[in-house]
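Presented below is the structure to which this report refers.
As the structure lists them, so they are numbered: ligands from 1, and atoms in each ligand from 1.
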Amino acid sequence: MHDPYLLQVDNLSVSFDGFKAVDDLSLYVGMNEIRAIIGPNGAGKTTLLDLISGRTTPTSGSVSFNGTELVGKREYEIVRIGVGRKFQTPSVYDSLTVFENLEMSFPDNRGWWSAWRFRRTPEVTARVEEVAALIYLKEQLNERAETLSHGQKQWLEIGALLIQNPELLLLDEPVAGMSVRDREKTAELIVKLGEHRAVVVIEHDMEFVKQIAHRVTVLHQGKVLAEGRMEAIQADPKVIEVYLGH
Ligand SMILES: Nc1ncnc2c1ncn2[C@@H]1O[C@H](COP(=O)(O)OP(=O)(O)OP(=O)(O)O)[C@@H](O)[C@H]1O
Ligand SMILES: [Mg+2]
């Protein structure tokens, strides 16, 4: 049977000491869809990404990606299957250059450090340069990551995910702490990325969400409170009450 969704989350739940952080949640994301997840602090947004990416095991429910069940798989297997995940706080290797940070993420270059230097093939170099151009760091390839601005570090981390060419990107608050200009550039980047893959983005910045999202899912107390196009979400009294009104 043809499966119209790239990501299919069905009746997913997880409890921490009896507290349901994600509660019977279902979510369907299409190919090339940019989906924003919004909702108040503690709504379960990050936990949802933890469940999809294999970092947390659900109490019940299913996560299907391209028809493959992800529940029960290890994090690295899920990465290999095509799901890239960016965490809330950026983690790049400060003492390495932009080039090296990207190179390290190349699928065959993971593993022990001393090994990767030997594998700087023309293919790797070309891919690193291609990704660097996309994430606005073409001119910074030989600079150490520690010299980058906060925004540039966030882009570098997205770039590290792109090296592996994931079919689904999960981004947790990618523009938090960014300048207005960097937010705009990030929005442009994500729209571009969505041309060839699906992107699920958690964000609190509604201007940003408006710029990128095809559809918006509002989480509240581990459940889907509302879902739809941004205009409808912003006019929804339930959403205004628990989230947008604050
Ligand atoms: N490993 C864990 N152990 C216990 N409780 C957890 C764990 N992970 C998350 N929680 C709880 O689950 C709830 C949902 O947390 P989560 O981080 O998913 O929220 P969020 O929607 O991402 O919020 P924010 O907008 O603040 O990032 C919170 O009450 C949190 O304390
Ligand atoms: Mg969170």
Side-chain angles (χ1 to χ4, degrees), residues 7 9-29 34-63 65 70-76 78-79 83-92 150-151 153-155 157-158 160-161 168-178 182-183 186-187 190 198-213 215-228 230 233-234 236 238-246:
L7 177 72
V9 173
D10 284 298
N11 308 104
L12 199 65
S13 298
V14 71
S15 301
F16 301 116
D17 302 322
F19 170 76
K20 285 197 168 184
V22 168
D23 187 3
D24 197 27
L25 188 148
S26 297
L27 182 82
Y28 307 93
V29 179
I34 301 177
R35 173 71 60 92
I37 311 263
I38 66 172
N41 296 118
K45 304 180 299 294
T46 297
T47 304
L48 173 62
L49 295 198
D50 288 344
L51 291 166
I52 296 169
S53 62
R55 192 176 175 82
T56 301
T57 305
T59 321
S60 59
S62 151
V63 178
F65 175 72
L70 298 187
V71 172
K73 294 205 187 301
R74 308 286 299 269
E75 276 186 274
Y76 74 89
I78 293 172
V79 169
V83 181
R85 190 256 175 97
K86 186 192 171 309
F87 289 90
Q88 220 160 334
T89 45
S91 58
V92 297
H150 171 75
K153 284 187 186 180
Q154 297 276 14
W155 297 334
E157 207 187 348
I158 293 172
L161 299 175
L168 171 65
L169 262 186
L170 307 172
L171 305 176
D172 202 346
E173 302 195 21
V175 299
M178 269 191 195
D182 284 356
R183 281 169 195 241
T186 306
I190 290 174
V199 189
V200 173
V201 191
I202 295 174
E203 237 334 306
H204 287 289
D205 179 338
M206 288 307 115
E207 273 311 306
F208 178 78
V209 168
K210 208 186 291 181
Q211 283 173 45
I212 63 164
R215 285 162 68 78
V216 178
T217 299
V218 187
L219 292 196
H220 179 51
Q221 297 176 344
K223 290 176 178 293
V224 175
L225 180 74
E227 193 167 85
M230 186 61 170
I233 291 297
Q234 282 183 305
D236 186 327
K238 294 193 304 283
V239 179
I240 293 168
E241 189 189 330
V242 307
Y243 186 54
L244 295 176
H246 296 281

Do [X] and [Y] come close enough that some side-chain heavy atom pair is under 4.5 Å?
{"X": "L171", "Y": "V200", "answer": "no"}
{"X": "H204", "Y": "Y243", "answer": "yes"}
{"X": "R55", "Y": "R85", "answer": "yes"}

Item checked: 4.0 Å protein heavy-atom contact status of atom 7 (C) of ligand 1, strictly under -> yes
Check: Given the protein's heavy atoms, is any one of them under 4.0 Å from atom 31 (O) of ligand 1?
Finding: no
Next item on the list: Check ligand 1 against H204 and write out every atom of the ligand that is under 4.0 Å from a heavy-atom position of the residue.
Entry: 25 (O)
Note to self: Applying salt bridge (Lys or Arg N to Asp or Glu O under 4.0 Å), can you list everything that pairs with D236, at least two apart in sequence or on another chain?
What the structure shows: K238
Next item on the list: Please determine if K45 and D172 form a salt bridge, counting it only when a charged side-chain N lies under 4.0 Å from a carboxylate O.
Entry: no
Check: Which atoms of the protein, restricted to N, O or S, are nearer than 2.8 Å to the Mg ion (ligand 2)?
Finding: T46 OG1
Next item on the list: Using the test side-chain hydrogen bond (donor to acceptor under 3.5 Å, both in side chains), find all partners of K86 that sit at least two apart in sequence or belong to another chain.
Entry: Q154, E157
Next item on the list: Under the side-chain hydrogen bond (donor to acceptor under 3.5 Å, both in side chains) rule, collect the residues that match up with T217, sequence neighbours excluded.
Entry: R35, E227
Notebook entry, point to check: To the nearest 0.1 Å, how far is atom 15 (O) of ligand 1 from its closest protein heavy atom, and which atom is that?
Noted result: T47 OG1, 3.7 Å
Notebook entry, point to check: Among all protein non-hydrogen atoms, which one is nearest to atom 1 (N) of ligand 1, and what is the separation to 0.1 Å?
Noted result: F16 CE2, 3.7 Å
Notebook entry, point to check: Is there any N or O on G42 that sits under 3.5 Å from an N or O of ligand 1?
Noted result: yes
Margin query: Taking distance alone, with N or O pairs closer than 3.5 Å, would you say G44 contacts ligand 1?
Written below: yes
Checklist line | Passing candidate, side chain to side chain contact (heavy atoms under 4.5 Å, CB included) with M230, options M206, R215, Q211 | finding: M206
Notebook entry, point to check: Looking only at atom types and distance, does a side-chain atom of T47 sit under 3.5 Å from a main-chain N or O of V22, one as donor and one as acceptor?
Noted result: no
